[in-house]
Amino acid sequence: MQAIQISEKVYWVGAIDWNLRDFHGYATSRGTTYNAYLILSDKPTLIDTVKKEFYPEMLARIQSVLDPKKIEIIISNHAEMDHSGALLQAVADMQPSAVYASAMGVKNLVAQLHPSFEIKPVKTGDKIDVGGDTFSFVEARMLHWPDSMLAYLEKENILFTNDVFGMHLATSKLFDDENDEQIWQQEARKYYANIVLPYSEIVTRFLGQVQQMGLSPKMIAPDHGFIWRKDPSKIVKLYAEFAAQKPTNKAVIVYDTMWGSTDKMACAIADGLLQGGTEVKLFSMHACHRSDVITEVMGAGALLIGSPVLNSQIFPAMADVLCYMKGLKPKNLIGAAFGSYGWNGAPVDSLTKTLEEMGIEVVSPAVKSCFVPDEAKLQECEQLGKLVSQKLAEKMP
Ligand code: FEO
């Protein structure tokens, strides 16, 4: 295991998790990396650690360039366990003279690790001398945890951004220009939709703040995926675009089905949308994953949700995806509900209430079918699709 040099004094000493397929409910079909960075300044400094079980990999990479006991400073940019999980062991082995985190980071690390060592708080604008270079800090509250922080290495002109600007992509190619853009565009979008989306207003404000600070880093080094060296502004621009959530002429239909009735309704709605000139993405929760659904919803203009009724409830898979989406707070959507039932249609109506609770502009009462939809009911579904298309067209610039 070797450290990889990324600039004169900075080395990547992270770990690659090739086989991770679930990151707290987010399907990471291409794995991930836990990036940690070693600065060989006069006071050797480690930025972040890795998931606990990957500590031996990080340690071996450090050992390839430096005796870990020579590390004097550890900076913890974020107290989530994929970055802080190995901190306790790292401090025990390295015995640094100082460990730094944001004030919220100190609080969260203490609650997680119950450390016997001191963690010193730093705030936006604080600087620490690492011998030959200086770190300054930018707090990034709620991007995506209250403790999140960025660290800027001034002379090397590298911004270490932790989760921000990262993606879940296991790759042995360490830089943006070495990775397939088609793949990373998908993964960057998916990561934003599944991790950062609820904080989009904060992202917009934060990007403005960073611009005002006049930072123009030659590299952006996040803790997941690869390092942005060729064109760091690319991911910054993408974040601004993602955060804006401008509605598009695309509708996402999310549903589950019991005996095929809700499936028939979903297909008829899709037909109506297509006839109205709207792009359609259709997800049956029998076959699809919640994290792919929210990725499409983020770039859409409409969300249609459908469910059969089981034991006077909506289908469990629909409850799952709706709970997930509600938490991620997609914006600027119109929507409607549909579904089939046998003797109690109220749960289908509850889907409309869920849309309203999500801040989605409901354009029609729920279309409900008692058992199997007949031709007239399927026409009603088709009309719903056309209505959504028409409403979307009115919203388009
Ligand atoms: Fe990559 Fe919020 O942890």
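Sequence positions, counted from 1, serve as the residue numbers for this chain. Heavy-atom basis, side chains included; hydrogens, waters and symmetry copies ignored.
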Donor + acceptor pair across side chains of [X], [Y] (<3.5 Å):
X    : Y    : result
D126 : Y100 : no
H78  : D223 : no
N108 : Q112 : no
H286 : D263 : no
T171 : N179 : yes

Which pair of non-hydrogen atoms, one from [X] and one from [Y], has the smallest distance, and what is that distance?
X    : Y    : answer
Y55  : M94  : OH-CE, 4.0 Å
L150 : A140 : CD1-CB, 3.6 Å
A98  : K120 : CB-NZ, 4.2 Å
I158 : A221 : CG2-CB, 4.1 Å
L46  : M58  : CD2-CE, 4.1 Å
I305 : L351 : CD1-O, 3.6 Å

Going through the checks in order, is the ring-ring contact (aromatic ring centres under 6.0 Å, His included) test met by W343 and Y341? CA-CA 6 Å; W343 50 96; Y341 65 97; 9.1 Å; no
Reported [atom1]-to-[atom2] distance for the pair [X] and [Y], which is rounded to 0.5 angstrom:
X    : Y    : atom1 : atom2 : result
F54  : T49  : CZ    : OG1   : 12.5 Å
D48  : E80  : CG    : CD    : 11.5 Å
Y26  : D292 : OH    : CG    : 9.5 Å
D176 : I235 : CG    : CD1   : 9.5 Å
I202 : M142 : CD1   : CE    : 6.0 Å
S364 : K391 : OG    : NZ    : 10.0 Å

Has the side chain of [X] got a donor or acceptor atom that lies under 3.5 Å from a matching backbone atom of [Y]?
X    : Y    : value
R290 : G25  : yes
S102 : E139 : no
S340 : S369 : no
H83  : A79  : no
T352 : P365 : no
N35  : G14  : no

Could you check whether [X] pairs with [Y] (Lys NZ or Arg NE/NH1/NH2 to Asp/Glu carboxylate O, under 4.0 Å)?
X    : Y    : answer
K326 : E357 : yes
D349 : K368 : yes
K107 : D147 : no
E154 : K127 : yes
K377 : E380 : yes
E241 : R189 : yes

Is there a side-chain contact (heavy atoms from CB on, under 4.5 Å) between N77 and F160? Walk through the geometry before answering. CA-CA 8 Å; N77 274 336; F160 298 91; 4.1 Å; yes
Single-linkage hydrophobic cluster, 4.5 Å side-chain cutoff, [X] and [Y] together:
X    : Y    : answer
F165 : F137 : no
V91  : V130 : no
Y37  : I71  : no
L87  : W145 : no
I73  : I62  : no

Determine whether [X] and [Y] make a side-chain contact, defined as any pair of heavy atoms from C-beta on separated by less than 4.5 Å.
X    : Y    : value
T262 : S307 : no
I6   : F175 : yes
L303 : V254 : yes
Y192 : V203 : yes
F206 : R141 : no
K218 : S7   : yes
S148 : N162 : no
H24  : I195 : yes

Could you walk me through whether K250 and E296 satisfy the salt bridge (charged side-chain N to carboxylate O under 4.0 Å, His left out) test, starting with their C-alpha distance in whole Å, then the side-chain angles of each, then the deciding distance to 0.1 Å, before giving a yes or no? CA-CA 9 Å; K250 180 168 92 175; E296 288 295 340; 2.5 Å; yes
Has [X] got more than 12 heavy atoms of other residues, nucleotides or ligands less than 6.0 Å from its [atom1]?
X    : atom1 : value
N311 : CG    : no
Q390 : CD    : yes
E201 : CD    : no

Audit row: R229, D177, side-chain contact (heavy atoms from CB on, under 4.5 Å) steps and yes/no: CA-CA 8 Å; R229 72 172 173 191; D177 49 284; 2.8 Å; yes
Other than F338, which residues form its hydrophobic cluster under the rule that side-chain heavy atoms must be closer than 4.5 Å? I253, Y255, M265, I269, L273, L274, V280, L282, L304, I334, V363, V367, L384, L387, V388, L392, M396
Taking V10 as the fixed residue, which of L153, I227, I47 is the one that meets the side-chain contact (heavy atoms from CB on, under 4.5 Å) rule? L153
side-chain contact (heavy atoms from CB on, under 4.5 Å) between M298 and F242: does it pass, once the steps are laid out? CA-CA 8 Å; M298 183 175 88; F242 295 157; 3.7 Å; yes
Geometric class of the Y191/H168 ring pair [parallel <30°, tilted 30-60°, perpendicular >60°]: perpendicular
Is the ring pair W228/W184 parallel, tilted or perpendicular, if the boundaries are 30 and 60 degrees? perpendicular
Got a sec, which residues hit salt bridge (charged side-chain N to carboxylate O under 4.0 Å, His left out) with K52, two or more places apart in sequence or on another chain? none
Working for side-chain contact (heavy atoms from CB on, under 4.5 Å), residues I39 and E156: CA-CA 10 Å; I39 292 85; E156 295 268 8; over 6 Å; no
I'd like to check the side chain to side chain contact (heavy atoms under 4.5 Å, CB included) partners of W18; sequence neighbours left out, ordered by chain and number. I16, A170, S172
